[in-house]
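A quick write-up on the structure given underneath.
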Amino acid sequence: MTQTATDSQQPRTYPPPAELAAGAVATAALYEEAAADRLAFWGRQASELLTWDVQPTQVLDWSDAPFAKWFADGELNAAANCVDRHVAAGNGDRVALHWVGEPGDTLTVTYADLHEQVQRAANALSDLGVRTGDRVAIYLPMVPEAVVAMLACARLGAPHSVVFSGFSAQALRDRVDDAQAVAVITADGGYRRGEPAPLKPAVDAALEPRDGAESTVRAVLVVRRTGGEVAWTEGRDHWWHEALESSSPVHEPVSVGAEHPLFVLYTSGSTGKPKGILHTTGGYLTQAAYTHRNVFDLHPETDVYWCGADIGWVTGHTYIVYGPLLNGTTSVMYEGTPNTPTQDRWWQVVETYGVTKLYTAPTTIRTFMKWGEELVSGHDLSTLQVLGSVGEPINPEAWTWYRRVIGGDRTPVVDTWWQTETGGIMISALPGVTSLKPGSAQVPLPGISVEVVDDEGRVLPAGHEGAGYLVLTEPWPGMLRGIWGDDERFRDTYWSRFAKEGWYFAGDGARRDADGDVWLLGRVDDVMNVSGHRISTTEVESALVSHPSVAEAAVVGASDPTTGQGIVAFVILRESAHDTDPAAVGKELRDHVAKEISPIAKPRQVLVVSELPKTRSGKIMRRLLRDVAEDRQVGDVTTLADSSVMASIQAGMQSGK
Ligand code: WT7
């Protein structure tokens, strides 16, 4: 854990620009209203931001805690809220997506276009046997069809499970099997760093029978993106464009109860098995619309909003798809990497479309810093009004660079803390209200209750210098409703640490400064944060030991100037591999992890060691390995079963340098 600033440094603060404050959708009154009656406040948000088929009369039912029910007697459809109602209100011609493909192709999708596509896709899925309640896996690159696919599922009340298209066949298979998906929506491939990259082969591999059991998937819809060759399973595989063309453009949305599952999204926990985070309809959508509108000061008639995430992560779900579309926003959606074909691609896009609100991750900002301001200065970015950051703590240097170089020294930068589990933003400044403090996520949004507490659950006094744990002390509408198929793990992971108090344990360290502002200090569990992606140490360790050369492995996240953390693996080789060249082993193991999980989980460094530091009970002491990986003096070794182990690891490191 690193502390980003201390109170004594008195960081400069940035008050809201007067013009923005004057026209802001959120004012200080929002805090007062929520503080006066939190549940009434959420009830108002739900009824004003969403269109219900049956208006809810209840707000929260917490009688079966930690299983929450929000707006339980209300009924609605998510896709109708994102699309149909805007068309019905006469905004069909408004652009929903300015889509930019990596090779330079573009597409403008209006709300009317989206309406037709989503209805056709819903009919196509329904013709393939997808029913309300069935799970559908989506494994697509950043193409407009990804948005259409998610909304088509939502229209049917068939929860989607989006799997990041950078994940391997093995990772896809684990997720498809866990959710027991009945269909997969994929593409022949996508563009990544200027090259077409195939996707369909991973789906084919993921759906092979496992241990003699057939996959639950009966249908595969394939979007044609790259035009590459694909293997075809007759009867199971169908081209997306053919299925949509032959389907009716009219589809009646399925009205579901507010607590009907909207999606399952897998994320890493502190064990090797990913958790299927379950989100339901009414509460999640309320929080998505509310946070997107207020945090980005969203004016749908004039804004052009761009979130640079991927739909494979929760940021893409809430801030590319649901939040923006619920609010009738015009968004930019970009397919590729920021340096293809040139390192100023993003700034060309901002200039071309006149982007007003931009949301990205600190790792991306630090990458741009590395590439240099010259790439930015040639572009007119004067349309930008609010910049957002998410995924990990943003260091004050990156914050001030983002504001100065991208935001022309004018724009507020909001640092937004949240998680896959929270569904939407929880801690963030409001750009028209809050004076900003670089490096701090600052204050819970109106309606959200957080505390920083010590080991015993005592609330730490403001200004307290030591680190504590971040807890959420009241339920919130977008909260996860469980882990798919594993109620026990749900209770264990989030609700057992402070069970007595009934608080949600976020897994993040935090402190509060003298002003009461919250500073996030990183994860307190065995979860790493690499470029804003959550990866568990155990997951990477399991991938490493699945390689025939590896006997044992321990993985740590070491701080990295660009990616936040970088993965460092310590491996013990099997006898049979002892003579192989360590450099070759390193490369082979890095590639192996990429294949088993994803390139995002590739270790930055693989160190071959002869022993690992363990306690007498056999637990690997990652803390000590982190000291080595971060080139620090190794901490207290007295609890090690064999205290000479660290000396030998360090000697090995030195000689390998
Ligand atoms: C974890 C959640 C939220 C969408 C992207 C990541 C870290 C996230 C911040 C922030 C400090 C942050 C936390 C959190 N995190 N945003 N603004 N400041 N840390 O979602 O994969 O579920 O990861 O990301 O450690 O627990 P996720």
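When a ligand or atom number is given, it counts from 1 through the structure's own listing order.
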- Can you check whether Tyr319 and Trp418 have ring centres sitting under 6.0 Å from each other? yes

- Ring centroid separation for Phe505 and Trp495, is it under 6.0 angstrom? no

- Atom indices of ligand 1 within 4.0 angstrom of Asp415 heavy atoms, with elements: 10 (C), 17 (N)

- Query: At under 4.0 Å between heavy atoms, which part of Thr420 makes contact with ligand 1: side chain, backbone, both or neither?
  - Reply: both

- Message: Using the rule side-chain contact (heavy atoms from CB on, under 4.5 Å), only one of Thr318, Asn327, Leu326 pairs with His292; which is it?
- Response: Asn327

- Message: With a 4.5 Å cut-off on side-chain heavy atoms, are Arg512 and Glu451 touching?
- Response: yes

- Query: In the protein, which heavy atom is nearest to atom 3 (C) of ligand 1, and how far is it?
  - Reply: Trp418 O, 3.2 Å

- Pull out every atom of ligand 1 sitting under 4.0 Å from any heavy atom of Thr315, numbered as shown with elements. 4 (C), 5 (C)

- Message: For Phe368 and Trp401, I'd like to know if the aromatic rings sit close, meaning centre-to-centre distance below 6.0 Å.
- Response: no

- Query: Nearest protein heavy-atom contact for atom 25 (O) of ligand 1: which residue, which atom, what distance?
  - Reply: Asp508 OD1, 2.6 Å

- Task: Taking the six-membered ring for Trp and the full ring for Phe, Tyr or His, determine whether the centres of Trp476 and Tyr290 are under 6.0 Å apart.
- Result: no

- Task: Please report which non-hydrogen protein atom sits nearest to atom 6 (C) of ligand 1, along with the residue it belongs to and the distance in Å to one decimal place.
- Result: Gly532 O, 4.2 Å

- Ring centres under 6.0 angstrom apart (Phe67, Phe490): yes

- Message: Is there a polar contact between ligand 1 and Thr267, counting only N or O atoms under 3.5 Å apart?
- Response: no

- Note on the structure: Leu520 heavy atoms within 4.0 Å reach ligand 1 at atoms 11 (C)

- Message: Under a 4.0 angstrom heavy-atom cut-off, which atoms of ligand 1 come close to Pro393?
- Response: 11 (C), 18 (N), 19 (N)

- Query: Do His317 and His160 have side chains that get closer than 4.5 Å, going by heavy atoms?
  - Reply: yes

- Close approach of Ala441 to ligand 1, heavy atoms, under 4.0 angstrom: no

- For ligand 1, indicate whether the residue Glu392 contacts it via side chain, backbone, both or neither (heavy-atom separation under 4.0 Å). backbone

- Could a heavy atom of Gly507 be found less than 4.0 Å from some atom of ligand 1? no

- Can you list the atoms of ligand 1 that are under 4.0 Å from a heavy atom of Asn529? 7 (C), 24 (O)

- Message: Under 3.5 Å between any N/O of Arg523 and any N/O of ligand 1: does that happen in this structure?
- Response: yes

- Message: Testing the basics here: between Asp560 and Gly566, what is the closest heavy-atom pair and its distance to 0.1 Å?
- Response: CB-N, 3.7 Å

- Which residue supplies the protein heavy atom nearest to atom 15 (N) of ligand 1, what is that atom called, and how far is it? Gly391 O, 3.2 Å

- Message: Heavy atoms only, cut-off 4.0 Å: how does Val314 contact ligand 1, side chain, backbone, both, or neither?
- Response: side chain

